[in-house]
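Everything below concerns the one structure shown next.
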Amino acid sequence: MTHTLSKNPVFCALDTTYVTKAVTLAQSLVGKVGGLKVGMEFFYANGPAGYQAVAETGIPIFLDLKLHDIPNTVAGGIRAITPLEPTMLTVHTAGGIEMMKAAKAASTEGPGVSPVVVGVTVLTSLDDGDLQMAGVTGTAADQVRRLAGNAQAAGLDGVVCSPLEVDLIRADCGPDFKLIVPGIRPKGAAIGDQKRIMGPAEALGRGADVLVIGRPITQANHPAGAAEAIQAEIAAPAP
Ligand code: C5P
């Protein structure tokens, strides 16, 4: 059995290396977000013990380690992290179909509920020129669609994508493929370094399943209040 994603689509990105800061923030967000995203900086700095300190809040965790290696090594990495019982984890689709198949298979071997396994397609820091330098002909959008198709063919549960890619991938991959979407900015939030952004309600309307939101919550004076305001924005009827 694979984890069911929470009804609340907002996962807050805990982009910090400090356990105390992460735990305090997580405690304030209990009942206000659907999950927390723990990435490589936190996990490399604090390991499973740091992870467990955050997980003790009971909030589902998206362990975003973006695994990318040969199939056997990625499968081993996944076997090492599934005992932590993350709700969701990531692998790079560029690792190939055999790697993604091995990742999905390894994720189901443990005795507990299996994590949702999603693929990272083209990093949003790369543009068409960067891809050409790496020998990819065609546009970044073409490559995202190709890699999302590979992820689905390999049996992954979904992909991480920009809000502007949701329409295309939803149309290509159908209603059950999970789309995990960062680059979300609620009303009044600073854009920061994000370039291709969208509001939470619009991204959900286009077919996003999970909204990954970091600084608009973590940098707010009252993170819990910011998370509540996002819920209100999502619930409000479209103008
Ligand atoms: O603070 P902000 O809302 O921009 O945080 C978004 C989170 O999603 C960060 O953890 C960022 O690294 C991550 N992310 C992203 N764009 C991607 C993939 C991940 O912003 N394409």
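Each ligand, and each atom within it, is numbered from 1 in the order the structure gives.
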Exercise. Using a distance-only test with no angle check, is there a side-chain donor-acceptor pair under 3.5 angstrom linking Asn150 and Thr93?
Worked result: no
Exercise. Is there a donor-acceptor pair under 3.5 Å between the side chain of Glu233 and the backbone N or O of Lys187?
Worked result: yes
Problem set entry | Neighbour count >12 (heavy atoms, 6.0 Å) for atom CG, Leu126 | yes
Problem set entry | Asp209 and Arg170 ion-paired at < 4.0 Å | yes
Exercise. So, Asp157 and Lys104, do they make that salt bridge, N to O below 4.0 Å?
Worked result: yes
Could you check [atom] against the protein and tell me its nearest heavy-atom contact, residue, atom and distance included?
| atom | result |
| --- | --- |
| atom 21 (N) of ligand 1 | Thr124 OG1, 2.8 Å |
| atom 20 (O) of ligand 1 | Gln194 NE2, 2.8 Å |
| atom 18 (C) of ligand 1 | Pro182 CG, 3.7 Å |
| atom 9 (C) of ligand 1 | Asp15 OD2, 3.3 Å |

Could you tell me which atoms of ligand 1, counted from 1 in the order shown, lie closer than 4.0 angstrom to a heavy atom of [X]?
| X | value |
| --- | --- |
| Ala13 | 7 (C), 10 (O) |
| Val212 | 7 (C), 8 (O) |
| Arg215 | 1 (O), 2 (P), 3 (O), 4 (O) |

Exercise. Is there at least one pair of N or O atoms, one from Lys37 and one from ligand 1, spaced under 3.5 Å apart?
Worked result: yes
Problem set entry | Gly214 N/O under 3.5 Å from ligand 1 N/O | yes
For this session: Give a yes/no verdict on whether any heavy atom in Arg185 is under 4.0 Å from an atom of ligand 1.
Result: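 Under 4.0 Å: yes for Arg185.
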Exercise. Would you say Pro216 touches ligand 1, if touching means a heavy atom closer than 4.0 Å?
Worked result: yes
Problem set entry | Shortest non-hydrogen contact between Ala140 and Asp128, atoms and distance | N-OD1, 2.8 Å
Exercise. Do you know the tightest heavy-atom contact between Ala151 and Phe177?
Worked result: CB-CZ, 4.2 Å
For this session: Assign the ring pair Phe62 / Phe11 to parallel, tilted or perpendicular, where the plane angle (0 to 90°) is split at 30° and 60°.
Result: perpendicular
